[in-house]
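Below: the structure, in structure tokens.
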Number of protein chains: 4
Amino acid sequence: MKAEERKQMILDCSKKLFSKHGYYNTQISDIVKSANIARGTIYQYFSNKDDIFISLLEAGYDEWKNTISAEIEGVDLLKLEPKEYLSLRIKNSLSYFAKDPEMSNLILRMGYGLPENLVKTINRLDEEIIAQITDEITYGKETNILRKDLNVELAANFLIGAILRIAYHYFVKNVTKNKKDDINKITDEIVSMMTTGIFAS
Amino acid sequence: MKAEERKQMILDCSKKLFSKHGYYNTQISDIVKSANIARGTIYQYFSNKDDIFISLLEAGYDEWKNTISAEIEGVDLLKLEPKEYLSLRIKNSLSYFAKDPEMSNLILRMGYGLPENLVKTINRLDEEIIAQITDEITYGKETNILRKDLNVELAANFLIGAILRIAYHYFVKNVTKNKKDDINKITDEIVSMMTTGIFAS
Amino acid sequence: MKAEERKQMILDCSKKLFSKHGYYNTQISDIVKSANIARGTIYQYFSNKDDIFISLLEAGYDEWKNTISAEIEGVDLLKLEPKEYLSLRIKNSLSYFAKDPEMSNLILRMGYGLPENLVKTINRLDEEIIAQITDEITYGKETNILRKDLNVELAANFLIGAILRIAYHYFVKNVTKNKKDDINKITDEIVSMMTTGIFAS
Amino acid sequence: MKAEERKQMILDCSKKLFSKHGYYNTQISDIVKSANIARGTIYQYFSNKDDIFISLLEAGYDEWKNTISAEIEGVDLLKLEPKEYLSLRIKNSLSYFAKDPEMSNLILRMGYGLPENLVKTINRLDEEIIAQITDEITYGKETNILRKDLNVELAANFLIGAILRIAYHYFVKNVTKNKKDDINKITDEIVSMMTTGIFAS
DNA sequence: TATGAATGAGCATTCATTCAT
DNA sequence: TATGAATGAATGCTCATTCAT
């Protein structure tokens, strides 16, 4: 087996294991067993455990970005209907994630690298939150406040995903000084997007 | 110091440390040092390291849910303008996260529990994705496709948060059989929400 | 409750636990829970864990010795038939052990204080040895070498008990210089006892 | 050093230490120090501390059983005088224990696995019991009840070993319902063996 | 005398990485 | 280049004992 092939094989095995058991619960010994190579051999291809994980992530993000761009080549953005354009972009991303659930898990899941029982707890708590939102959206549909054709499950995940990301971006990663103002502005913008969308009329 | 106070103090110290260094890189010895108690004392209040982390998460989610609900009490949902209602709900959540960034970090950040250098890599890759989306939104504004008043940074995070969450929900957590159909349906729904919002006209 | 009564109650609880789980697997916290007293109280009656165990053993051995002697008082040794005398002595000891199995366990069992799975292993190995001896005694009876009325199970335990004790006494506890001579002499004496008994003809 | 040799060396070092200090007071760190290997190396050969101890016991019992059987091969049991046969068997066992006192200690000693001071106490109490029996046997000889040529020390250990083993077997391990009957029967059998031996006349 | 929270030394085990062959 | 035995720092948890109340 060629060096490049072998390196790729190690990455494939690692992806499976990291995705299934998380970073800390995947041991080098698991990887070498799965790849059917000797313990030391792995260090001929990667400088350490981190290096493997990072290689995977870099490759995953790269492919994601390429997937997004690739199919847009040859399409004149300005000739596309705006909605079609957005649609195309979203479809590309979703296709990428749908194609490779293991890599998607590495890129998307929260709390990877935690012990299994903690992950369970997190999932349970998360589901409680989603349930609450789901109930409200259902109620909104019944009372004719929300569109009858709204997919409740999807809308709930959409909203929670958007809002949590924003909360993390503005209040954890970049802590702003004037939070109160921010909250109002941010809220208004979200509401505005959820009301009239993002397109110019 | 009363037992309840001491337990709370341990939780506070743990929250700081878990939030800053993640689950695996926070050692029991760090916590006891920070709480200025003896190694064994912590096991009088918690049965193990997991228990501390779980206690924190449970409390955090609880407070989040209470924050959401609390201020809605006494408000007649049906008497509120739909947009006002949505606004109130979002504001409550954001307020909660803005108020306690450490807990927010535990609840919101992806990849907690990973070694610090991996988190750095993830953040870098994430930023590259956001940059790409940001560019496109900016371009969309310049070309009058998107609303001139759109906050680019916020819209980018909004979109990426919503889409990643949905990708995780449909393609990692609940793997569907007919992915192709799903992708199309999901995409249409997202586009629809981003175009005409979620409200009944 | 009087101090003396309470001390006795602690000893009773300890005896049960030590007998059931061994020295190392009986924790002070188990004892205080079982005795329904506070953690610190136990140290008002005993200086430490060892002290409790030793107190139990001392009391047990004392009672054993008393049981042996007690019923002999008033009996003129020389007026008793030799066999009756031996019989009385053995019966007294057996009665003592039969009366208090928990204490007997503390005094008699080999390997107490070991983790449970080790004890299991020891028991298994011991049974294998006994099985081997049992087989031989059975064969000896069938071939008319041994008395037809011999209780096989009892004889096997009798022999193994006697021999192991002697081996321990002469070769572990008091290591002798001239082992070869010793082995021969010891063997002869055992055979002699097993042939014509211990009594003067 | 070959793998098999190294494993054996670890076992040898462990045997010494377990025999000297007992199971609980022999630490893994003591073993690795004594074997002059790294802490982790021991776990390449044994899965845990128990495993080492069990390996030792299994090997010890195996060798014991082999020692017993080995030298009997080629000897026609039926052509041997009964006493010679018994003699051979006992000699074999004693030889085994005399040859390897450390292993013998693991197999024979009561209470291994207890803290050193407890073992001391047990030994003291045990000696008191033996002293009492010794005294009586001496008296029996002086009064011509017991054979003049009886080795007092040996006979005392013989009797106590046999009786304690039987007590443990019948009253601790297999608790019988009708103890009183049992005691009488057992006593009679013991007395019978100590009077006319085990052989068919 | 009784309490039980606090203590902290002690220990088995894990696992990424090295390096001689 | 491949191997896999050896390494040893690191860590969560236990539990007998103390002591202020």
Side-chain angles (χ1 to χ4, degrees), chain A residues 1-3 6 23-33 35-52 115, chain B residues 1-3 6-7 10 23-33 35-52 115, chain C residues 1-3 6-7 23-33 35-52 115, chain D residues 1-3 6-7 10 24-33 35-52 115:
Chain A
M1 193 185 286
K2 291 279 166 55
R6 183 164 286 222
Y23 178 80
Y24 277 103
N25 285 324
T26 299
Q27 270 68 260
I28 290 290
S29 60
D30 297 328
I31 297 175
V32 300
K33 217 177 290 163
N36 208 29
I37 55 173
R39 213 174 179 65
T41 306
I42 213 165
Y43 289 91
Q44 305 252 340
Y45 296 93
F46 300 94
S47 53
N48 53 34
K49 192 181 167 184
D50 285 12
D51 190 24
I52 304 174
Chain B
M1 193 184 287
K2 290 277 167 56
R6 185 164 286 230
K7 185 168 185 177
I10 294 172
Y23 178 79
Y24 277 104
N25 283 323
T26 300
Q27 270 68 257
I28 290 290
S29 59
D30 297 330
I31 297 175
V32 300
K33 217 177 291 162
N36 207 30
I37 55 174
R39 216 176 176 64
T41 305
I42 213 164
Y43 290 93
Q44 295 234 328
Y45 296 93
F46 300 95
S47 51
N48 52 35
K49 192 180 166 185
D50 285 13
D51 190 24
I52 305 174
Chain C
M1 192 185 288
K2 290 279 166 55
R6 183 165 288 222
K7 184 169 185 176
Y23 178 79
Y24 277 103
N25 285 324
T26 300
Q27 269 69 262
I28 291 289
S29 60
D30 296 329
I31 298 175
V32 299
K33 219 178 289 165
N36 208 30
I37 55 172
R39 213 175 178 66
T41 306
I42 213 164
Y43 290 92
Q44 304 254 338
Y45 296 92
F46 300 95
S47 54
N48 52 35
K49 192 181 167 184
D50 286 11
D51 189 24
I52 305 174
Chain D
M1 193 184 286
K2 290 277 167 56
R6 184 164 286 229
K7 185 168 185 175
I10 294 172
Y24 278 103
N25 284 323
T26 300
Q27 270 68 256
I28 290 291
S29 60
D30 297 329
I31 297 175
V32 299
K33 218 178 288 164
N36 206 29
I37 55 174
R39 217 173 175 65
T41 305
I42 214 164
Y43 289 93
Q44 296 234 328
Y45 296 93
F46 301 95
S47 52
N48 52 37
K49 193 180 165 184
D50 284 13
D51 190 26
I52 304 174

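Chain letters run A, B, ... following the sequence lines, proteins first, then strands; residues in each count from 1.
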- prompt: OP1 or OP2 of F:dA2 sitting under 4.0 Å from any side-chain N/O of A:Tyr45?
  reply: yes
statement: C:Arg6 and C:Ile37 have their tightest heavy-atom pair at NH1-CG2, 3.8 Å
message: Could you tell me how far apart C:Asn36 (CG) and E:dA2 (P) are, to the nearest whole angstrom?
response: 13 Å
field: 4.5 Å side-chain heavy-atom contact, D:Ile52 and D:Tyr45
entry: no
field: Closest-nucleotide 5' rank along DNA chain F - winner of A:Ile37 and D:Ile37
entry: A:Ile37
task: Rounded off to whole Å, could you give me the CD1-to-C1' distance for the D:Ile10 and F:dA5 pair?
output: 11 Å
query: About how many Å separate OG1 of B:Thr41 and CG of B:Asn36, when rounded to the nearest 0.5 Å?
result: 10.5 Å
message: Once rounded to the nearest 0.5 Å, what's the spacing between atom CG of B:Asn25 and atom OH of A:Tyr24?
response: 4.0 Å
field: Side chain to side chain, D:Ile10 and D:Ile42, heavy atoms closer than 4.5 Å
entry: yes
- request: Please report, rounded to the nearest Å, how far the P atom of E:dA6 is from the NZ atom of B:Lys7.
  value: 13 Å
- request: Can you sort out the partners of B:Gln27 under side chain to side chain contact (heavy atoms under 4.5 Å, CB included), two or more places apart, ordered by chain and number?
  value: B:Ser29, B:Asp30
- prompt: Rounding to a whole Å, what distance do you find between D:Ile52:CD1 and E:dT13:C1'?
  reply: 12 Å
message: If I compare all heavy atoms of A:Lys49 with all of A:Tyr23, which pair ends up nearest, and what's the gap?
response: NZ-O, 3.0 Å
statement: C:Ile31 atom CD1 is separated from E:dG4 atom P, nearest whole Å, by 17 Å
message: Rounding to an integer number of Å, can you tell me how far D:Arg6 CZ sits from F:dG4 P?
response: 17 Å
message: Output one letter per nucleotide in nucleotides 15-21 of chain F: B when a protein non-hydrogen atom lies under 4.0 Å from the base, S when only the sugar-phosphate is that close, - when neither is.
response: SBBB---
- prompt: Can you check the D:Ile42 CD1 to F:dG8 P distance for me, whole Å?
  reply: 14 Å
- prompt: With D:Asn48, which residues qualify under side-chain hydrogen bond (donor to acceptor under 3.5 Å, both in side chains), at least two apart?
  reply: none
query: Name the stems with DNA chain E in them: runs of three or more consecutive Watson-Crick or G-U pairs, distances under 3.5 Å?
result: E:2-21 with F:2-21
- request: Find the distance between NZ (C:Lys33) and CD1 (C:Ile28) and round it off to the nearest 0.5 Å.
  value: 12.5 Å
Nearest to side-chain heavy atoms of C:Ala38, which nucleotide of E:dA5, E:dT7, E:dT3: E:dT3
